[in-house]
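Right, one structure below, let's go through it.
Both counts, for ligands and for their atoms, begin at 1 and track the order of listing. Everything numeric here is computed off the predicted structure, so don't read it as measured data.
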Amino acid sequence: MLKTILSSLAIAVSSLGGILLFNTFRFSSKQKDFPQIPQPDIPKEAIQRLQSAIALPTISHEDTTQLDSASFLAFHSFLEVEFPLTHKHLRRETIQDFSLLYHWKGTDPNRKPILLLAHFDVVPPSDSSQWSQPPFSGNLVDNKIYGRGTIDDKGSLMAILESVEMQLKAGKTPAQDIYLAFGHNEEVGGSGAKAIAKTLEERGIKAEFILDEGGYVAKGFIPGMDKPISVINVAEKGYMTVDLSVEVDGGHASRPEKDNAIALLSRTLVKLENNPFRHRITEANQGFWDYLGPEFSFEKRIAFANQWLFEGMLVEKVGNNTTVAPTIFRSGVKENVLPATAHLTLNIRIIPGETSESVIEELKSLIADERIELHVRKSFLHEPSPVSDTAGHGFQTLFQTVREVFPESITTPGLLSATTDSRHYYAISENIYRFLPVRLTPEDASRFHGVDEYITVDNYKETIFFYHRLMENLGMDKATVTTEKVEKGERVDVN
Ligand SMILES: [Zn+2]
């Protein structure tokens, strides 16, 4: 294999030698090293608290009327009891009945605030009987805390509050205002996050940057790379659902026509499967290659340094394209009748650089059959995100914090394929980053909305360390402790 790579490289080098070598030499590591920082003392109750948080079943159902308000309100009270200093010094508002917004006033009014996002709803447990520990037990077994939400995303919410409480206990106040925005229905569209964002917008809040879930300390996802990669996602793909339908003359099954509804739509589906959208390097994923490239061996680096030549070969491995997933296929009513109609639903994730409109145009020209109608579900649609900056103070502070807490990993910007609550916050900041300080392997990734979601105790401590260190790096002030005077349990309702 190596021989093949080397001989193909030799051909490339001999024909394009000058340019190739020039680019490769310019391509140096972007991984800065920072002095080692010891993990702070994390209260041992933190583990117990996460277990208790998991035990409250704050489930989001597709049918939102099924929301169990008692669990959500119990979660609010639980936080009040477990984080007394946070609830004494930060102003807390309840938005859209269940979402929470905390405001921690900083000492320097000239600095723009930052926002830390998390959500405390979870998806239903799916297949409870398959779990090795019950999904709402929070059981601690072999150093692993089991339960729905340990990764997605109560673990992060609890770790943020642990670090705030630790700072307050040490008598510290942030330099800039910090908002904690905790949505209650991220898994079903995030109307809570949307309402929080609207509230902040109405108050004229512009944040220096926003941090949400959606990037990991990922290991084993990139062939040829043994180290973990900490991906701070600077953009996320857009989301679109398209229904295809066809209506033809039905008929008797004893005389099948070639263009019956099922056959027509099936051929379209095969066409879509055989013609995926083009993989490409755009502003949104360029940084990933620039940061990751130099960490590979010399042969692989030549390939990275000359992306314009090897683009197709490398980029395909990470899925940098618009994806089209068939999710529902319906047709037929009776075993001996040719159906007159067939319906196919496509769930599409759009890469930044393309738009819903350009994707629809491309689908139409690929399908090239006027009998097939396309209908876009407008209420689900959102375009790809803007791309956040990697040069500014926000990204640089996050980058440093990741390097300090996970020094053995390679830290890169990246593009997220999924969606997060942060998509509701574009008006609040141009700099939105998606990173959850959680370690992940391909095997773990299936636990997310699947069976046996867990976090190890060590990793949970790293998560708390990360948010604590981030606050330190942003600047914590011990001299002046100012807190906003609020009545305990103040509620502001915004819908
Ligand atoms: Zn989530």
Side-chain angles (χ1 to χ4, degrees), residues 50 53-54 56-62 64 67 71-72 75 79 95-96 98-101 115-126 135-136 138 145-161 180-197 210-218 230-239 347 349 380 382 385 398 414-426 432-442 444-455 459-460 462-464 466-467:
L50 177 59
I54 297 304
L56 291 166
T58 45
I59 301 171
S60 265
H61 300 276
E62 288 300 326
T64 50
L67 181 139
S71 295
F72 285 78
F75 190 75
L79 296 180
I95 291 181
Q96 215 186 63
F98 303 110
S99 285
L100 296 173
L101 174 64
L115 257 74
L116 302 177
L117 308 191
H119 65 90
F120 59 97
D121 62 318
V122 297
V123 292
S126 74
F136 294 104
I145 305 162
Y146 280 86
R148 195 43 105 222
T150 44
I151 300 178
D152 185 12
D153 183 38
K154 270 184 189 164
S156 155
L157 183 150
M158 292 297 288
I160 291 169
L161 287 173
L180 315 177
F182 299 151
H184 76 280
N185 56 5
E186 190 271 349
E187 301 290 0
V188 289
S191 67
K194 206 172 171 177
I196 296 176
I210 295 174
L211 178 65
D212 196 5
E213 62 173 341
Y216 308 91
V217 184
S230 298
V231 189
I232 304 169
N233 284 312
V234 294
E236 67 185 49
K237 286 185 178 179
Y239 186 107
N347 187 249
R349 307 303 173 101
F380 288 103
H382 53 91
S385 75
L398 286 168
L415 165 65
L416 181 65
S417 294
T419 60
T420 65
D421 264 348
S422 73
R423 71 179 186 275
H424 301 299
Y425 288 83
Y426 300 149
I432 297 181
Y433 304 103
R434 302 151 189 89
F435 176 72
L436 191 61
V438 163
R439 294 179 183 272
L440 209 68
T441 64
D444 298 328
S446 65
R447 301 178 192 282
F448 253 66
H449 286 195
V451 167
D452 273 351
E453 183 176 345
Y454 71 73
I455 189 167
N459 192 188
Y460 184 53
E462 289 173 320
T463 309
I464 299 171
F466 173 82
Y467 293 113

Query - Asp152 atom (N/O/S) at minimal separation from the Zn ion (ligand 1) - result: OD1

**Report entry** ring pair (Phe, Tyr, Trp, His ring centres under 6.0 Å) partner of Phe435, chosen from Phe466, Tyr467, Tyr216
**Finding:** Phe466

Requested in this report: State whether Glu186 contributes an N/O/S atom found under 2.8 Å from the Zn ion (ligand 1).
Outcome: no

Requested in this report: Just say parallel, tilted or perpendicular for the rings of Phe380 and Tyr239, cut-offs at 30° and 60°.
Outcome: tilted

Requested in this report: Answer yes or no for Glu187: is there an N/O/S atom below the 2.8 Å cut-off from the Zn ion (ligand 1)?
Outcome: no

**Report entry** Donor + acceptor pair across side chains of His119, Asp152 (<3.5 Å)
**Finding:** yes

Query - Sidechain N-carboxylate O distance under 4.0 Å for Glu236, Arg423 - result: no

